[in-house]
Structure formats: structure tokens, C-alpha cells
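Owing to the predicted nature of the structure, the values given are computational and were not obtained by experimental measurement.
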Amino acid sequence: MNQAINFIQSKTTIKPEIGIILGSGLGDFAETIENPTRIPYGDIPGFKESTVQGHSGELIIGTLKGKNIVAMKGRIHFYEGFDIQDVVYPVKILCGLGIDKLIVTNAAGGVNRSFKPGTLMLINDHINFNGKNPLIGPNDPVGDRFPDMSYAYDRTLLDKVKNIAKDLNVAYETGVYMYMTGPSYETPAEVRMAGILGADAVGMSTVPEVIIARHRGVKVIGISCITNMAAGILDQPLDHEEVIRISAEVSGEFKKLVTGIVEGI
């Protein structure tokens, strides 16, 4: 891991304070980063490359609204066949670069029937239904053996983000994100179960990254773009092309909100 951190630091003099992980179809935000240094994942020791449409796979370090940031343009997923440690390795690197805040974003299926495609949901909690925890195994001494997850998504930052969204006139919802394995979409019965368990949205990423960030004391903000209603909510099939299309349609509001967050936190 130190080799990867040293490699990245050799490419830029910027020391990032905020990390951003850009989910499916949300990578256009990376184009707003000023003075960017772009590093393909394949060039970074230990990084795996995503095989998923909408995840281009490069690390971008630069500035935005006077803040030093590092953005992951695309992520890798457990369903791609990677070990869970490979999935969270990039987040360990971001933390090792010195960030103290992490903005995680994703495309998700709406379980809450009051949502509609294009809704931006601020994550206030999550359910790890994947069953994999990236902290299983010998404890990494950078954090506690049993990290507290009572406030996985920082309450103070969440309140700030709500105020920022209101000031920018960006509509949002808040809710609970459930992490499923994928890559198949959930069945209608699984979606009904998710709702009974308290989930407002379902997806195939994010939670392992948040666990690692919290283990390292990094504060987290989570945003889901509801790109489709989950199976059984509407009488229509699901496909990844819809995810990419809705992400593109909402990208303007997403960029405005995330830029405002970077400036305001």
C-alpha cells in the first residue's frame, strides 16, 4: 500500500483533504476538477481496473472551490469477481493520502415508493446485506478492532449537506441504503424484504468503502442517485442502460450539489 501512496504522491504536490468516489454514470463530475492530475488505475500498484460500463477507472487529484480533492472516477465491485480486500484497497489509499472527509456516491434502485427516478438521496444509514465485512481478518492497527458504526454517515456533515442543498435549491430525500451482492438485480420479493427491513434504496457498492473509511476515522457523506425503481415497484424490466441514462439526466443537479458540498464542508 505504501508503494501506491508514494507513487501517487510522486505525481502531484497537492495533498488532498476531501475524497470523492463517483458511481455509475456520475463520472462527469470529474471534469469540474481544476488543475487535475489524472492517473489510470492500471498504473497504480495494487489497483484493479473496473470492467463495468460507466466506470472509466482513473484517479484524479486537483482543486475545487479552493479545496484539495482526490476523486475516483469509477470504482470496482465485489460482483466483478474481486476479493473484498481488492474492492476496498482504493479507499485505504485515499485515507493514506490524508483525506479526513469522504463523499461516496452511487446509482441505486428506489425501494421507497415516494421516490422516483432522478431523486438524489442523502444516505443516513446502511444495511450490509452482502454479508462480507472488509475488516474480517487480522486488525489493521490504523483503527479499532471493533469500530463504532452508530454514525457511519456523519450527522453534523449530513445536516450541513441538507442546508447546502436547500440553499442551492437542489431537491433531495434522505434514507437508508441496502448493500446487495449483485450483479443480478433484486427480485420483487427481495425488494419487498428490503422495504420491510427499513431500506429506502438498494445497490451493489459503497458499504465496504464506508466501513473502511470509518475504521480510519474519516467522516463520510453518502449520496445515492435513484436511477430506477427497484424490481416490483413498477411493472417494467430493469437494465443498466437506464441507470446510465438517468444518471446523465440528473448530472447537472448532482454536480451542483457535490460542488456545493466541497465548498461548504
Checklist entry - Going by atom types only, do Y179 and N128 share a side-chain donor-acceptor pair under 3.5 Å? => result no
Checklist outcome for this item: Residue set satisfying side chain to side chain contact (heavy atoms under 4.5 Å, CB included) with T259, at least two apart, ordered chain then number -> F29, L64, K65
Checklist entry - What's the shortest heavy-atom distance between T206 and Y177, and which atoms? => result CB-CE2, 4.0 Å
Checklist entry - Mind checking whether L135 and P147 have side chains closer than 4.5 Å, heavy atoms only? => result yes
Next on the checklist: Check whether E263 reaches the backbone of G260 with its side chain - one donor and one acceptor, N or O, closer than 3.5 Å.
Outcome noted: no
Residues 88-102, side-chain donor-acceptor partners within the protein, below 3.5 Å, at least two apart:
residue : atom : partner : partner atom : Å
Y89     : OH   : P45     : O            : 2.9
K92     : NZ   : Q85     : OE1          : 3.1

Next on the checklist: Between Y185 and M204, does the side-chain contact (heavy atoms from CB on, under 4.5 Å) criterion hold? Intermediate values first, please.
Outcome noted: CA-CA 9 Å; Y185 288 111; M204 307 172 191; 4.0 Å; yes
Item to check | Heavy-atom pair with the smallest gap, counting every atom of R38 and A30 | outcome: NH2-O, 4.3 Å
Checklist outcome for this item: Heavy-atom closest pair (G109 atom, I226 atom, distance to 0.1 Å) is C-CG2, 4.4 Å
Checklist entry - Within a radius of less than 6.0 Å around NZ of K132, do more than 12 heavy atoms belonging to other residues, nucleotides or ligands occur? => result no
Checklist entry - Honestly curious: do I5 and I212 fall in one hydrophobic cluster under the side-chain, below-4.5 Å linking rule? => result yes
Item to check | Where G23 and T105 come nearest, the two heavy atoms and their spacing | outcome: N-OG1, 3.0 Å
Checklist entry - Do L257 and L120 have side chains that get closer than 4.5 Å, going by heavy atoms? => result yes
Checklist entry - When rounded to the nearest 0.5 angstrom, what distance separates CD in E173 from CG in L122? => result 9.0 Å
Item to check | Check against side chain to side chain donor-acceptor pair (under 3.5 Å), D28 and S251 | outcome: CA-CA 7 Å; D28 282 353; S251 64; 4.9 Å; no
Checklist entry - Is there a side-chain contact between S224 and I123, using heavy atoms and a 4.5 Å cut-off? => result yes
Item to check | Same apolar cluster: V210 and I84, side chain cutoff 4.5 Å | outcome: yes
Checklist entry - A213 and V220: which non-hydrogen atoms are nearest, and at how many Å? => result CB-CG2, 3.8 Å
Item to check | Side-chain touch I20/V70, heavy atoms, less than 4.5 angstrom | outcome: no
Item to check | Spacing of CD1 belonging to I61 relative to OG1 belonging to T63, to within rounding of 0.5 Å | outcome: 12.0 Å
Next on the checklist: For M72 and L59: C-alpha separation, side-chain torsions, deciding distance, then whether side-chain contact (heavy atoms from CB on, under 4.5 Å) applies.
Outcome noted: CA-CA 5 Å; M72 287 176 56; L59 198 70; 3.7 Å; yes
Item to check | Pairwise side-chain contact, I103 with I21, heavy-atom cut-off 4.5 Å (strictly under) | outcome: no
Next on the checklist: Walk me through whether M121 and D200 qualify under side-chain contact (heavy atoms from CB on, under 4.5 Å).
Outcome noted: CA-CA 9 Å; M121 185 188 86; D200 296 287; 3.9 Å; yes
Next on the checklist: Determine whether a donor-acceptor pair (N or O, by modelled atom type, separation under 3.5 Å) exists between the side chain of N112 and the backbone of S114.
Outcome noted: yes
Next on the checklist: Is it the case that over 12 heavy atoms from other parts of the model lie below 6.0 angstrom from the CD atom of Q3?
Outcome noted: no
Next on the checklist: Could you report the tightest heavy-atom contact between F7 and I39, atom names first, then the distance?
Outcome noted: CE2-CG2, 3.8 Å
Item to check | Rounded distance [0.5 Å steps], CD1 in I18 versus NZ in K219 | outcome: 12.0 Å
Next on the checklist: So, taking the atom named CD1 in I261 and the one named NZ in K67, what distance separates them when rounded to the nearest 0.5 Å?
Outcome noted: 11.0 Å
Checklist outcome for this item: d(T37 OG1, I14 CD1) to nearest 0.5 Å is 6.0 Å
Next on the checklist: Just by distance, no angles: are the side chains of N106 and S205 close enough, under 3.5 Å, to form a donor-acceptor pair?
Outcome noted: no
Item to check | Worked check of side-chain contact (heavy atoms from CB on, under 4.5 Å) between I223 and V104 | outcome: CA-CA 6 Å; I223 307 172; V104 291; over 6 Å; no
Checklist entry - Any side-chain heavy-atom pair from H215 and V142 closer than 4.5 angstrom? => result yes
Checklist entry - How about E31 and I60: do any of their side-chain heavy atoms sit closer than 4.5 Å? => result no
Checklist entry - Should R216 and D140 count as an ion pair when the cut-off is N to O under 4.0 Å? => result yes
Checklist entry - Between the side chain of E80 and the main-chain N/O of H77, is any donor-acceptor distance below 3.5 Å? => result yes
Checklist entry - Got more than 12 heavy atoms from elsewhere within 6.0 Å of CZ, F129? => result no
Next on the checklist: Any non-hydrogen side-chain atom of F78 less than 4.5 Å from a side-chain atom of T181?
Outcome noted: yes
Next on the checklist: Given 3.5 Å as the limit, does a donor-acceptor pair link the side chain of N6 with the main chain of N2, or not?
Outcome noted: yes
Checklist entry - Once you round to the nearest 0.5 Å, how far does CE of M178 lie from CG of N130? => result 11.5 Å
Checklist entry - Do side-chain atoms of T12 reach the backbone of Q9 as a donor and acceptor pair under 3.5 angstrom? => result no
Checklist entry - Tell me, which pairs form a side-chain hydrogen bond (donor to acceptor under 3.5 Å, both in side chains) where one or both residues lie in residues 153-164, sequence neighbours left out? => result H126-Y153
Item to check | Same apolar cluster (I L V M F W Y, side chains within < 4.5 Å links), Y151/M149 | outcome: no
